[in-house]
Amino acid sequence: MINQKLQSKLNTSSPVIAPSMLKCDFGNLHREVELLEAAEASVLHWDVMDGHFVPNLSYGALLIERVRPLTKMFFDAHLMVSNPAKYIDEYIKAGCDSITVHIEAVPDPQDILDHMKKSGVVPGLAISPKTPVEMIEPYLESCGLILVMSVEPGFGGQSFMESSLPKIKQLKTMISKETILSVDGGIGTETIAEAAAAGANYFVVGSALFSQADYSIAVNNLVEKAKSQTASLT
């Protein structure tokens, strides 16, 4: 059974703004965490890249493990790596609350999803822009989180791809009410409303947050944009 306590924590704070730590100031990492915590961004989103599944390299479980004692914020690891099964336990040990793997990296992720669930971690499955929804359909019931990539994985600062919206809408009709529907890539004040209108309730934000002088104002503006759009649909 998926860890209901962790999943409830995300759902009750919807819409969730999840800062992508790929864009933070690593020279002042402790301070960045403090500022994000003060801004009431309840999630830290860790983009892990291996230089193989995607061209770029980022950080690994060791860094996340060192940050874990600094905050009680929810840790969401997004593994853009080949052979994720080899590394899952490292990220569980590091203190991640949810871990997302790519369907393109592991065409049959059932064993990985089951292992995460048994370990008390919210299991997530990501889908890249060119991958059809049908690829992940058999595994939706095993997921606590679905991540729709609205840019090509592996690069920060890309523009939001409108083609992700029909996927979000389609998945919204296929998943349970408890499943978190996340979108990652090019999310900012100009794009978050349409992603929310499509059905997303969890938004990974990089440049649009970390480029702002005041993280609290940035997070609040994003939340209000998402909420206003969601409210207009009800």
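Only heavy atoms go into these numbers, but all of them, side chains included; no hydrogens, no water, no symmetry mates. Small disclaimer: the values here were computed from a predicted structure and weren't measured.
- Residues Ile187 and Val204 form no side-chain contact, since every pair of their non-hydrogen atoms from C-beta on lies 4.5 Å or further apart.
- Not a single side-chain hydrogen bond (donor to acceptor under 3.5 Å, both in side chains) links Asn83 to another residue, sequence neighbours left out.
- You'll find the side chain of Val16 stays beyond 4.5 Å of the side chain of Asn201, heavy atoms only.
- With sequence neighbours excluded, no residue forms a ring-ring contact (aromatic ring centres under 6.0 Å, His included) with Tyr139.
- Among residues two or more places apart in sequence or in another chain, the side-chain contact (heavy atoms from CB on, under 4.5 Å) test is passed with Glu190 by none.
- Checked against side-chain hydrogen bond (donor to acceptor under 3.5 Å, both in side chains), Thr71 has the following partners two or more places apart in sequence or in another chain: Glu37.
- Annotation: side-chain contact (heavy atoms from CB on, under 4.5 Å) contacts of Thr189 (sequence neighbours excluded): Asn221, Leu222, Lys225.
- Among residue pairs with one or both ends in residues 51-67, those qualifying as salt bridge (charged side-chain N to carboxylate O under 4.0 Å, His left out) are Glu65-Lys93; sequence neighbours excluded.
- Of the possible polar contacts, none joining the Lys23 side chain to the Ala208 backbone as a donor-acceptor pair under 3.5 Å is found.
- For Glu34, the salt bridge (charged side-chain N to carboxylate O under 4.0 Å, His left out) partners two or more places apart in sequence, or in a different chain, are Arg31.
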Pair Leu209, Leu36 - check side-chain contact (heavy atoms from CB on, under 4.5 Å), show working. CA-CA 10 Å; Leu209 194 160; Leu36 292 169; 3.8 Å; yes

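- With sequence neighbours excluded, no residue forms a side-chain hydrogen bond (donor to acceptor under 3.5 Å, both in side chains) with Thr191.
- For Leu70, the side-chain contact (heavy atoms from CB on, under 4.5 Å) partners at least two apart in sequence or on another chain are His30, Val67.
- Listed by chain and residue number, nothing satisfies the ring-ring contact (aromatic ring centres under 6.0 Å, His included) test with Tyr91 (two or more places apart in sequence, or in another chain).
- Looking only at side-chain heavy atoms (C-beta outward), Lys86 and Val81 stay at 4.5 Å or farther from each other.
- Looking at heavy atoms from C-beta onward, His102 lies out of side-chain contact with Thr131 at the 4.5 angstrom threshold.
- Aromatic ring orientation, Trp46 versus Tyr59: perpendicular (interplanar angle above 60°, classes split at 30° and 60°).
- Residues Gln170 and Glu134 meet the side-chain proximity criterion, which asks for heavy atoms closer than 4.5 Å.
- Asp47 and Ser58 share no donor-acceptor pair across their side chains, judged by distance under 3.5 Å alone.
- The shortest side-chain heavy-atom distance between Val219 and Glu40 does not fall under the 4.5 Å cut-off.
- The side-chain hydrogen bond (donor to acceptor under 3.5 Å, both in side chains) check on Asp25 picks up Asn28, with sequence neighbours excluded.
- Contact annotation: the side chain of Val183 approaches that of Ser150 to within less than 4.5 Å [non-hydrogen atoms, C-beta and beyond].
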Please step through side chain to side chain donor-acceptor pair (under 3.5 Å) for the pair Tyr87 and Asp50, ending with a clear verdict. CA-CA 11 Å; Tyr87 307 104; Asp50 66 353; over 6 Å; no

Evaluation steps, side-chain contact (heavy atoms from CB on, under 4.5 Å), between Thr179 and Leu171: CA-CA 10 Å; Thr179 304; Leu171 283 163; over 6 Å; no

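- Looking at heavy atoms from C-beta onward, Leu165 lies in side-chain contact with Glu194 at the 4.5 angstrom threshold.
- Here Leu22 contributes atom CG and His78 contributes atom NE2; the two are 11.0 Å apart, rounded to the nearest 0.5 Å.
- Between Lys72 and Asp97 there is no salt bridge, since no side-chain N of the basic residue sits under 4.0 Å from a carboxylate O of the acidic one.
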Criterion side-chain contact (heavy atoms from CB on, under 4.5 Å) on Met116 and Ile88, from CA distance to verdict: CA-CA 8 Å; Met116 287 192 281; Ile88 288 293; 4.0 Å; yes

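- Partners of Phe210 under the ring-ring contact (aromatic ring centres under 6.0 Å, His included) rule, at least two apart in sequence or in another chain, are Tyr215.
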